[in-house]
Amino acid sequence: MSKQVIHSDKAPAAIGPYSQAVRTGNLVFLSGQIPLNPETMEIEHDFPAQVERVFTNLLAVCQAAGGDFSNIVKLNIFLTDMERFAEVNEIMKRYFTAPFPARAAIAVRALPRDVQIEIEGVMAL
């Protein structure tokens, strides 16, 4: 099994010992993205801006791997406040169309850098 590391300068650099994404065969495993602005490495502050930034960052990594959101087959969404779930759904509709990817939404106590949302996924090319 060969692994290819995927990297985009249009998404935040990894803040730990991991890759933005790894491709093996026709699958691309997208590491969790948090709402870091890749140019400043600063956090977006209001929740809708955090969600938009996460999707923008994920899209940049998808494109670096040769795909886009139509290639995503699975998303895992981590939220520190499940009361914001409906907002995530509304924003997600701006980025995805049917057929939608499989998805899980998981409530967590905390996320890196005290952000409110993180999303990871799997893309099939």
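- With no hydrogens or angles considered, a side-chain donor-acceptor pair links Asn76 and Glu120 at under 3.5 Å.
- Listed for the Gln20 side chain is a donor-acceptor partner under 3.5 Å among the backbone atoms of Ser8.
- A donor and an acceptor atom, one from each side chain of Asn89 and Arg103, are located under 3.5 Å apart.
- Put simply, the side chain of Thr80 reaches to within 4.5 Å of the side chain of Gln116, judged on heavy atoms.
- When hydrophobic clusters are built by joining Ile, Leu, Val, Met, Phe, Trp and Tyr residues whose side-chain heavy atoms come closer than 4.5 Å, directly or via intermediates, Phe29 is not grouped with Leu75.
- Counting heavy atoms from C-beta on, the side chains of Cys62 and Ile72 come closer than 4.5 Å.
- In this structure the side chain of Ile106 never reaches within 4.5 angstrom of the side chain of Glu118, judged on heavy atoms.
- Note on ring orientation: taking the six-membered ring where Trp is involved, the planes of Phe55 and Phe69 are perpendicular (angle over 60°, cut-offs 30° and 60°).
- Atom CG of Asp114 has 12 or fewer heavy atoms from other residues, nucleotides or ligands within 6.0 Å.
- Under the 4.5 Å side-chain heavy-atom criterion for Ile, Leu, Val, Met, Phe, Trp and Tyr, Val22 and Val122 are members of distinct hydrophobic clusters.
- Using modelled atom types, no side-chain atom of Arg84 and backbone atom of Ala86 make a donor-acceptor pair closer than 3.5 Å.
- A donor-acceptor pair is defined here as one N or O able to donate and one able to accept, closer than 3.5 Å; such a pair exists between the side chain of Asn57 and the backbone of Leu36.
- At least one donor-acceptor pair closer than 3.5 Å links the side chain of Thr24 to the backbone N or O of Ser2.
- To the nearest 0.5 Å, atoms CD1 (Ile91) and CZ (Phe96) are separated by 12.5 Å.
- By the 4.5 Å heavy-atom criterion applied to side chains, Leu79 and Phe85 are counted as neighbours.
- Under the 4.5 Å side-chain heavy-atom criterion for ILVMFWY residues, a single connected hydrophobic cluster contains both Tyr95 and Met123.
- The minimum heavy-atom distance linking Ala13 with Met41 is given by the pair O-CE, 3.7 Å.
- How far CD1 of Ile117 is from CD of Gln33: 11.5 Å, rounded to the nearest 0.5 Å.
- Across every non-hydrogen atom of Ile34 and Pro112, the tightest pair is CD1-O, 4.1 Å.
- Follow the hydrophobic side-chain contacts under 4.5 Å out from Ile77 and you reach Val54 in the same cluster.
- Closest approach of Val5 to Ser19, counting heavy atoms only: CG1-OG, 3.6 Å.
- Under a hydrophobic-cluster definition in which Ile, Leu, Val, Met, Phe, Trp and Tyr are linked whenever side-chain heavy atoms come within less than 4.5 Å, directly or via other members, Leu58 and Ile15 are assigned to different clusters.
- Here the shortest heavy-atom pairing between Ala21 and Val61 reads CB-CG1, 3.6 Å.
- Heavy-atom minimum distance, Pro12 versus Pro38: N-CB, 3.5 Å.
- A distance of 10.5 Å separates NZ of Lys10 from CD of Glu39, quoted to the nearest 0.5 Å.
- Between the Gln50 side chain and the Glu44 main chain, a donor and an acceptor come within less than 3.5 Å of each other.
- Of all heavy-atom pairs between His7 and Asp9, the closest is NE2-OD1, 2.9 Å.
- Remark: Glu52 CD to Asp46 CG distance equals 10.0 Å, nearest 0.5 Å.
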